[in-house]
2 protein chains.
Amino acid sequence: MALEHAILVSLLEQPGSGYELARRFDRSIGYFWTATHQQIYRVLKRMETDGLLAVREVAQQGRPDKKEYSVAQPGRAALSQWLHEPIEPESLRHDLAVKIRGAAFDDPAALVREVERHRRAHGDRLARYLAGELRDFTGPQAPAPLDAGQELQHVVLRGGIAYERMTIAWLDDVLTTVHRLAAPGPVPRAPGTPPD
Amino acid sequence: MALEHAILVSLLEQPGSGYELARRFDRSIGYFWTATHQQIYRVLKRMETDGLLAVREVAQQGRPDKKEYSVAQPGRAALSQWLHEPIEPESLRHDLAVKIRGAAFDDPAALVREVERHRRAHGDRLARYLAGELRDFTGPQAPAPLDAGQELQHVVLRGGIAYERMTIAWLDDVLTTVHRLAAPGPVPRAPGTPPD
DNA sequence: TCCTTCTATGCAACTCGTTGCATAGACAAG
DNA sequence: CTTGTCTATGCAACGAGTTGCATAGAAGGA
């Protein structure tokens, strides 16, 4: 139930409405935790019922009213408690790896197209992360010195950057490998494949 | 619904029972896709009902009977179709990153302990991956030359190794950063934190 | 004999997360 | 004045995944 905790952190960094949270989950926080607006609204409602959050109706001009959520004392306590509990190292869910192993039983050309698509997507993400780093942490517009919260946000972003770089290098490895397999002639029969 | 496809790939590599699949999801395939035995049994049943898999009752000595599943023709077709559809690059769910950003509002010492725990866990994983690589792909016991299926399994494993190495380096970065923040005295007040 | 462990399968209840659909205020363009 | 877009919130249905519990055959040890 870490979505609750991601919301608590995001609202502590800056109070906001469900809609605004959904925006953040498309950016910054969304680099390492995704959520749809449905999920967010539902969890916000539950958290408010549980007393973790406080709501305030805010009238706006030029746009509909919104409900601004902020973290109440029990919310801070719940976050603190979670921060002191050990969690399991994440278990990956990597569709593309399944596809790569599946390619032994199918057309490798389709795999190449897919891997190239992913390579481009990760290249775009890396560019976005690097632009964000320059804007918020290392560029001339960035505050200096950074406070503790900003330093921690920066180290998380560095993790995202390292992840994208690693992934891009690996996808290149995959492409090289697939081309090497295709080059010397027809791909040898994969294990488990019945003879035609 | 990629669990279906992971099961198809695993059963193409080697037919087996639900129990054996659950074992594999604790190892090899489980390096990039996790599943509990419940999930596996339920999906196996559905896939069999849908005609994607064939079952065979196998009597064993010294242990209970088992149902051995193998991929039927419609299963191969379903896998092939999925392999030709583009998929979205994965969206991460990284609890630890939430915790790191949350540490701005809490005790950094608890974060250090947690990060060190994760560092050890990833170190263990890396050692396990490297041992597997030596055993199956690069060591003297490994078959040479590798066929296409083994080459693809190897490149996926190399991805896992690169991921663990990157993660370990990042966790060291996190520890260095947290210590640097703690060193010059009390941590500065984080943004959004109300004055006491 | 009883207890534990390993293999092997499954149900029931629940939470988490996605998808499709719906509503509504405010504004801008045609 | 209708249409489209952006902000803002929500319901209903479904599918994915987890947790707890239950059963049972076979083996080995206390």
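Computed from heavy atoms alone, side chains included, the values below leave out hydrogens, waters and symmetry copies. The structure presented is a predicted model; accordingly, all values stated were derived computationally and were not measured. The chains referred to below are lettered A, B, ... by the order of the sequence lines, with proteins before strands, and numbering in each begins at 1.
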Side-chain N or O of A:Tyr41 closer than 4.0 Å to phosphate OP1/OP2 of D:dT9: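 The answer is yes; a side-chain N or O of A:Tyr41 sits under 4.0 Å from OP1 or OP2.
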
Contact under 4.0 Å: A:Ser17 side-chain N or O vs D:dT9 OP1/OP2: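 A:Ser17 to D:dT9 OP1/OP2: side-chain N or O found under 4.0 Å.
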
Quick check: any donor-acceptor pair below 3.5 Å linking the side-chain of [X] to the base of [N]?
X       : N      : result
A:Arg42 : C:dT18 : yes
A:Gln60 : C:dG25 : no
A:Gln38 : C:dG17 : no

Earlier contact from the 5' end, DNA chain C, for A:Gln39 and A:Gln61: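 Nearest nucleotide further toward 5': that of A:Gln39.
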
Select one nucleotide: of [options], the one nearest the side-chain heavy atoms of [X].
X       : options               : answer
B:Lys45 : C:dG10, C:dT9, D:dC11 : C:dG10
A:Tyr19 : C:dA8, D:dT7, C:dG20  : D:dT7
A:Arg46 : D:dT18, C:dT7, C:dC16 : C:dC16

Note, A:His118 side chain near A:Thr167 side chain (heavy atom, < 4.5 Å):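 Answer no - side chains too far apart.
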
Mutual orientation of the aromatic rings belonging to A:Trp170 and A:His94 [parallel < 30°, tilted 30-60°, perpendicular > 60°]: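 Perpendicular, since the angle between the ring planes exceeds 60°.
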
Salt bridge A:Arg24-A:Glu13, side-chain N to carboxylate O under 4.0 Å: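 No salt bridge links A:Arg24 with A:Glu13.
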
Cation-pi, A:Tyr129 ring and A:Arg125 (6.0 angstrom, 45 degrees):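 Output no; distance or angle outside limits.
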
Residue whose nearest DNA chain D nucleotide is more 5′ - B:Trp33 or A:Glu68: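 With A:Glu68 and B:Trp33 compared, the 5'-side residue is A:Glu68.
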
